[in-house]
Amino acid sequence: MVATFKVAVLGAQGVGKSAIVRQFLYNEFSEVCVPTTARRVYLPAVVMNGHVHDLQIMDFPPITAFPVNTLQVGEWADVCCRGLRSVHAYILVYDICCFDSFEYIKTIRQQILETRVIGTSETPIIIVGNKRDLQRGRVIPRWNVSNLVKKTWKCGYIECSAKYNWHILLLFSELLKSVGCARCKHVHTTIRFQGALRRNRCTIM
């Protein structure tokens, strides 16, 4: 049986969240930064430990605040936020060279915890520090961020480079483990993206 896992990718302008998604899906990277202005939905399939899993990856533009509910004044009032409250996991991306981008995901994480429906507080959140290739420009020591995220926030933490495709597969491997995929919890996990059959499965809404 194929399970579909819904994932929301959030982050401030220019952190490279869309680049991470495109590197995972298409194994490509562009030096040109094109701002995300609309929600993009991708429907890839992933083979992990010999089992197929469907993902629904929603790449959201920067939001001013996490929707407080699903009513007209909340999630469904803004087309860019639709589906944001009903996902199985959140990927919050920041730029390791930009302090403000970390403050942004810090705020969004807190809002997620405060506004999600009671009983869904266990929804996994993975914090991702992108642009590891620019490590010399890092604004917060890695140990400080990792310690805060893992020990205080109780979230997953991964650093990656969308440009060089470093730790991109690891990110999505950890993602599947975090959403409770029983077949993905082995220590030595292998992951393979089924790209050829699903390249055109993207909708912009």
Side-chain angles (χ1 to χ4, degrees), residues 6-44 55-68 73-112 115 125-140 145 149 155-169 171-172 175 193 195 198-205:
K6 298 178 182 179
V7 182
V9 185
L10 296 165
Q13 183 91 12
V15 298
K17 59 183 179 57
S18 298
I20 289 173
V21 174
R22 294 194 64 82
Q23 185 65 268
F24 175 63
L25 296 176
Y26 309 125
N27 195 30
E28 65 182 26
F29 176 83
S30 173
E31 295 283 357
V32 179
C33 179
V34 179
T36 302
T37 58
R39 183 186 68 159
R40 289 182 171 88
V41 181
Y42 301 89
L43 303 171
L55 294 179
Q56 183 181 93
I57 302 174
M58 291 179 279
D59 179 12
F60 289 87
I63 59 176
T64 55
F66 191 83
V68 296
V73 295
E75 178 182 9
W76 293 94
D78 185 349
V79 66
C80 290
C81 292
R82 291 180 180 175
L84 191 51
R85 291 176 54 84
S86 59
V87 299
H88 297 106
Y90 295 93
I91 296 176
L92 305 185
V93 183
Y94 78 99
D95 176 352
I96 67 170
C97 302
C98 178
F99 180 78
D100 288 344
S101 70
F102 182 76
E103 288 296 300
Y104 176 86
I105 60 111
K106 181 179 179 180
T107 299
I108 293 298
R109 172 198 162 270
Q110 188 60 38
Q111 292 176 352
I112 291 174
T115 62
I125 298 175
I126 297 180
I127 307 299
V128 179
N130 189 30
K131 305 187 182 181
R132 178 65 186 273
D133 50 293
L134 302 177
Q135 167 149 285
R136 291 185 178 181
R138 181 191 295 275
V139 293
I140 310 176
V145 178
V149 170
C155 296
Y157 181 68
I158 292 176
E159 290 194 354
C160 69
S161 170
K163 182 175 182 178
Y164 292 106
N165 199 10
W166 187 74
H167 277 184
I168 300 300
L169 285 181
L171 165 59
F172 286 90
L175 173 74
F193 174 60
R198 303 295 181 94
R199 279 185 70 90
N200 62 343
R201 294 187 65 184
C202 168
T203 57
I204 300 177
M205 306 179 71

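- Applying the side-chain contact (heavy atoms from CB on, under 4.5 Å) test to D133 and every residue at least two apart in sequence or in another chain returns K131, S161, K163, Y164.
- Counting heavy atoms from C-beta outward, R132 and H167 have side chains that stay 4.5 Å or more apart.
- Across all their heavy atoms, Q111 and A65 have their closest contact at OE1-CA, 3.4 Å.
- Looking only at distances, a side-chain donor or acceptor of R85 sits under 3.5 Å from a matching main-chain atom of P67.
- Between I20 and V9, the closest side-chain pair of non-hydrogen atoms is not below 4.5 Å.
- Rounding to the nearest 0.5 angstrom, the gap separating the CD atom in Q110 from the OG1 atom in T115 is 10.0 Å.
- Here CZ of F60 is found 6.5 Å from CG of L10. Values are rounded to the nearest 0.5 Å.
- A pairwise comparison of heavy atoms in L84 and A8 identifies CD1-CB, 3.7 Å as the closest pair.
- Within the 4.5 Å cutoff, the side chain of V7 has no heavy atoms near those of the F172 side chain.
- Using a 4.5 Å heavy-atom cutoff, the side chains of F24 and L55 are in contact.
- Nearest heavy-atom pair across C98 and S101 is O-OG, 2.7 Å.
- Taking the six-membered ring where tryptophan is involved, the planes of F66 and Y90 are perpendicular, since the angle between them exceeds 60° and thus also 30°.
- Contact annotation: the side chain of Y42 approaches that of R22 to within less than 4.5 Å [non-hydrogen atoms, C-beta and beyond].
- Here NZ of K6 is found 10.5 Å from CG of L43. Values are rounded to the nearest 0.5 Å.
- Proximity of V15 to N130: side-chain heavy atoms (C-beta onward) are nowhere separated by under 4.5 Å.
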Using the side-chain contact (heavy atoms from CB on, under 4.5 Å) rule, take Y104 and I63 through it: C-alpha gap first, then chi angles, then the decisive distance, then the call.
CA-CA 10 Å; Y104 176 86; I63 59 176; 3.5 Å; yes
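- Ring orientation note: the planes of F102 and Y94 are nearly perpendicular, at an angle over 60° on the 30°/60° scale.
- Taken to the nearest 0.5 Å, the CD1 atom of I91 stands 11.5 Å off from the CD1 atom of I125.
- Not counting sequence neighbours, R109 has no partner by the side-chain hydrogen bond (donor to acceptor under 3.5 Å, both in side chains) test.
- In plain terms, the two heavy atoms of I105 and L92 that are nearest each other are O-CD1, 3.8 Å.
- The structure places CD1 of I96 at 9.5 Å from SG of C160, a figure rounded to the nearest 0.5 Å.
- D95 places no side-chain N or O within 3.5 Å of a backbone atom of G14 that could act as its donor or acceptor partner.
- With hydrogens and angles ignored, the 3.5 Å screen pairs a side-chain donor or acceptor of Q23 with a backbone N or O of E28.
- For T36, the side-chain contact (heavy atoms from CB on, under 4.5 Å) partners at least two apart in sequence or on another chain are K17, S18, R40, D59, P61.
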